[in-house]
Amino acid sequence: MSSQNGPPFSDIPERAGEPPSFDTTVSHPARMYDYLLGGKDSYEADRDVADQLIASMPSVPRTARANRAFLRRAVEYLAGEAGIRQFLDIGTGLPTANNTHEVAQRAAPESRIVYVDNDPIVLVHARALLDSTPQGATDYIQADARDPERILREAASTLDFSQPLAVMILSVLHFIDDSDDPAGIVRQVMDGVVPGSYLAISAATRDFDTDRINQAAGEFNAQRVAAQIALRTHAQISRYFDGLDLVDPGLVPVNQWRAPAGLTQTVTMYAGVGRKPA
Amino acid sequence: MSPAAGIGDGARAGSTVARMMLGGQLRRHREAAGITPDEAGYHIRASRAKISRLETGRARCKERDVLDLLALYGVDDAETVAGLLVLVSQARAQDWWADFSDVLPAWFEPYLGMEASASVIRAFDLQFASGLFQTEEYARAVTVLGHRGARTSEIERRVAVRMKRQELLTATDPPRVWAVLDEAALRRPAAGTPVMRAQVRRLLEVAEMPAVTLQVLPFSAGAQDAGGTFTILRFTEGGISDVVYVEQLTGATYVDKPDALDYHRDVMNRLASAALAPAATVSFLAAMLREM
């Protein structure tokens, strides 16, 4: 801890000149998600806020795991049946098992994936740990989901936008406030891709266990968090797919999208996949 | 499922992880019984420090001590006791470095065990290339620096340990080694030019290994908040927290307190963020090699 010749321990949080998102004293969605999935890359602030969220909403870890399982099933569908070979994964999160490129390249080694996240800690892990197959490619962009123009511009150095691709926006849009127009952001991204492209989304909802999750979100938002939660209804989340054809089974609870039968436990998140028509 | 499930299935699983799992369970039973480390130590005719080393997996333990402790903690469920005794026998397995105990300080041996069974090894190296990446000649030069006046035979044994450690990198299921190497380690020669050139070539080679991520921290990145070399070890086995290894001249510290772990992880993340990306590191090393 370089207390002998370097800056003392207590100086760390106040250091100037760091981007605020590298601030480990504010809980961040990607690191809380890592903690909810049983990872070890969170910090105390993330664990504290996540533990309080779990205390008021015990189904949250189950929902996080269900979301991760949806990622896998969605990419398997997109790389398999849908024949997609390019992925734009907005809101990557910290690397864990079955990352988008691993699932996609298992099905088709030549798949190309661009990861986007606004957390520099995610970027540094992604850059170091998410290796592509030699036939395919992976790239990493540090950008905010609220800046689709920049995402499209930078992704174009790895992805071919004259060909169909899949846009993944998982567990991200509930961290974008109405004032930032999440539906408008999605539209802007999908305007930049050709017909035959796909959109996969998962987003938190207040349709189930409503009183409890409203209360939990209120408590969450009252804390020092990098992004506040905005819970939405089925109708509101459906709007992200305006102009797209929803793939069966439509917008459904995240653990039910093309899942083995029998998964009926309550989760507070919807998921769906849509295709941009000709 | 046996309580020992999860270890012994990987090609590399060693006695250290068994000790760490055993220690973690002993600590949980002790805490559940409301017994202090002092009381536990007294019960098995040992010190509080011995209990601490046992519970963190840094000491070997006798079956009798474990049985005595379990009796003290009121653990008498036959299946639980049997499961713990399986761990005791796994923890006693001979490790390859037992043959080298004459040249290994007691404080370094636990590191070898942890390194051998880690799933992720994150290292920051300031003065020398990481031991896992050293060529034999470079390792010899560095070892001589640290053991002036030692007989050639002893130096050779120390170098042999280092070379043996490197077998990890080519194991069936190698750990992910993610290293940040300060430019200083490359610029300040630890040996003559031919040895340094060969070492840089070796770094270029390991950087291409699928399980290795190498990032050079260039002088141009400016000063960083890391006063020295440290290594973070991560284990896949459930319930074992990360451990930070910090070596001093005559000893080592093993850090596993949550707040201190957070801090070291934060510093490591900042170092990796300030360092050249893996691809740029390869160009940097190639350019350096041309200049040497």
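Order of the sequence lines sets the chain letters (A, B, ...), proteins ahead of strands, with each chain counted from 1.
The nearest pair of heavy atoms linking B:Pro278 to A:Ala128 is CG-CA, 4.3 Å.
Here the side chains of B:Asp259 and A:Tyr43 are not in contact, with every heavy-atom distance at 4.5 Å or above. No side-chain heavy atom of B:Arg270 sits less than 4.5 Å from a side-chain heavy atom of A:Ile121. You'll find the side chain of B:Arg234 reaches within 4.5 Å of the side chain of A:Asp41, heavy atoms only.
For a residue to count as touching a neighbouring chain, one of its non-hydrogen atoms must lie under 4.5 Å from one of that chain's; by this rule B:Ala223 does not touch chain A. If you measure heavy-atom distances from B:Arg265 to chain A, the contacts under 4.5 Å come from both the backbone and the side chain. Both the backbone and the side chain of A:Leu129 come within less than 4.5 Å of a heavy atom in chain B.
Contacts of residues 210-218 of chain B with chain A at a heavy-atom distance below 4.5 Å involve B:Pro210, B:Thr213, B:Gln215, listed in sequence order.
Residue A:Glu110 qualifies as enclosed at atom CD: its count of foreign heavy atoms under 6.0 Å is above 12. Enclosure of atom CZ in B:Arg188 is not indicated, since only 12 or fewer non-hydrogen atoms of other residues, nucleotides or ligands lie within 6.0 angstrom. The 12-atom threshold is exceeded at CD of B:Glu247, counting heavy atoms of other residues, nucleotides or ligands nearer than 6.0 Å.
Here the OG1 atom belonging to A:Thr25 is positioned 11.5 Å from the CG atom belonging to B:Asp262, to the nearest 0.5 angstrom.
The backbone N or O of B:Phe235 lies less than 3.5 Å from a partner atom in the side chain of A:Lys40, making a donor-acceptor pair.
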